[in-house]
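What follows is one structure encoded as structure tokens, with my remarks underneath.
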Number of protein chains: 2
Amino acid sequence: MRVPLAAAAQVFKSLGHPARLRMVQALAKGECCVCELHALVGGDLSTTSKHLAVLVQAGVLSGEKRANKVFYRLRTPCVTDIIACLAAPRCARTGQR
Amino acid sequence: MRVPLAAAAQVFKSLGHPARLRMVQALAKGECCVCELHALVGGDLSTTSKHLAVLVQAGVLSGEKRANKVFYRLRTPCVTDIIACLAAPRCARTGQR
DNA sequence: TGGCTATTTGGCAGAATAGCCAAATAGATG
DNA sequence: CATCTATTTGGCTATTCTGCCAAATAGCCA
């Protein structure tokens, strides 16, 4: 294993929350601003912001400020694959679950 | 998405701990008994047992008792793919990280 | 500048998690 | 049966996570 175990675990941990997972799924289709992601998951806006910070910290997302909005995007296409694999009724590669 | 978001998040959450991730990696090579997994991650044996329970609860592992030992195995090859993807310096499918 | 929108930060209370110890359970074996 | 090995369960404390509120910050526009 080349990536430190702890770093990999941190990525999984960051994905281990329904709101964060939903946001990452949305971001798999392209970047979104915080307000869009917030509309997606509901709750307090500050909670959304903190969830995004967790994902950035784990290296899953990166954020960029443009005008007065902040746009987040996936940093690793790998994550998209991972989510697709779990989200499908069967694994796309193996045909099994 | 066909698998409930919450269930997928639970899988990620269960993988989001270094000891659990290490055990799952070992199990990707074949089933192990608790004592082997415990030797791998150290700490208290009861802690290992509880980590395994978390993974079973998430649907990642299944355990089977044979004689007086309990053997755990991966339930989903998908998880193996996921881990391989993250563990590699580059994603096996896309060549990117 | 003043106000407006978008987002983050600090702080707090409650819930969940981690890890250790002691005790209980299950099966093998003398 | 008594005992030994392997594992789980109950319980406890310390730590971390969640989600809300209030306040601060940053950039736009009149």
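Below, read A as the first sequence line, B as the second, and so on, with proteins coming before strands; counting in each chain starts at 1. Below, each value reflects all heavy atoms present in this structure, side chains not excepted, and no hydrogens, waters or symmetry copies. Note that this is a predicted model, so its numbers are computed, not measured.
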note = Nearest heavy-atom contact between Ala26(B) and Leu40(B) is CB-CD2, 3.6 Å
inquiry  = Judged by each residue's nearest nucleotide on DNA chain D, which is more toward the 5′ side, Gly42(A) or Arg66(A)?
reply    = Gly42(A)
key: Check: His38(A) side chain, Gly43(A) main-chain N or O, donor-acceptor pair, under 3.5 Å   = yes
Using residues 3-16 of chain A as the side-chain source, report each donor-acceptor pair under 3.5 Å to any protein atom, sequence neighbours left out, with the distance given to one decimal.
from, atom 1, to, atom 2, distance (Å)
Ser14(A), OG, Val11(A), O, 2.7

message = Expressed as a whole number of angstroms, how long is the span from Glu36(B):CD to dA6(D):C1'?
response = 12 Å
ask   = What does Tyr72(A) touch in the nucleic acid at a heavy-atom separation under 4.0 angstrom: a base, only the sugar-phosphate, or nothing?
value = sugar-phosphate
task = Evaluate the criterion side-chain contact (heavy atoms from CB on, under 4.5 Å) for residue pair Arg20(B) and Val54(B); output intermediate values, then yes/no.
result = CA-CA 9 Å; Arg20(B) 291 197 292 262; Val54(B) 169; 3.8 Å; yes
key: Rounded distance (Å) that lies between atom C1' of dG19(D) and atom NE2 of His38(A)   = 11 Å
request  = Write down the distance between NZ (Lys50(A)) and C1' (dT16(D)), rounded to a whole number of angstrom.
outcome  = 13 Å
query = Whole-Å distance between dA6(D) P and Lys69(B) NZ?
reply = 6 Å
inquiry  = Strictly below 4.0 Å, N to O, side chains only: are Lys69(A) and Glu64(A) in salt-bridge contact?
reply    = no
task = Tell me what Leu45(A) touches on the nucleic acid: a base, only sugar-phosphate, or nothing, going by heavy atoms under 4.0 Å.
result = base
inquiry  = Looking at His51(A), I'd like to know whether one of its side-chain N or O atoms comes within less than 4.0 Å of OP1 or OP2 on dC17(D).
reply    = no
query = Just the endpoints, please: which first and last nucleotides of DNA chain C, 5' to 3', lie under 4.0 Å from a heavy atom of chain A?
reply = dT5(C) to dG11(C)
ask   = If you find the nucleotide of DNA chain D closest to Thr47(A) and the one closest to Lys65(A), which residue's nucleotide is nearer the 5' end?
value = Thr47(A)
task = Specify the closest pair of heavy atoms between Leu27(A) and Tyr72(A), including all atoms of both residues, with the distance to one decimal.
result = CD2-O, 3.1 Å
ask   = What is the distance from CG of Leu52(B) to P of dA6(D), rounded to the nearest Å?
value = 16 Å
Watson-Crick or G-U stems involving DNA chain D, each at least 3 pairs long, distances under 3.5 Å, ordered by first number = C:1-30 with D:1-30
key: Non-hydrogen atoms of Thr48(B) and Leu37(B) that approach each other most closely   = CG2-C, 4.4 Å
Test item: Val34(B) and Leu45(B) side chains (from C-beta on) under 4.5 Å apart, heavy atoms = yes
task = Considering non-hydrogen atoms only, spot the tightest contact between Ala19(A) and Val41(A) and give its length.
result = O-CG1, 3.6 Å
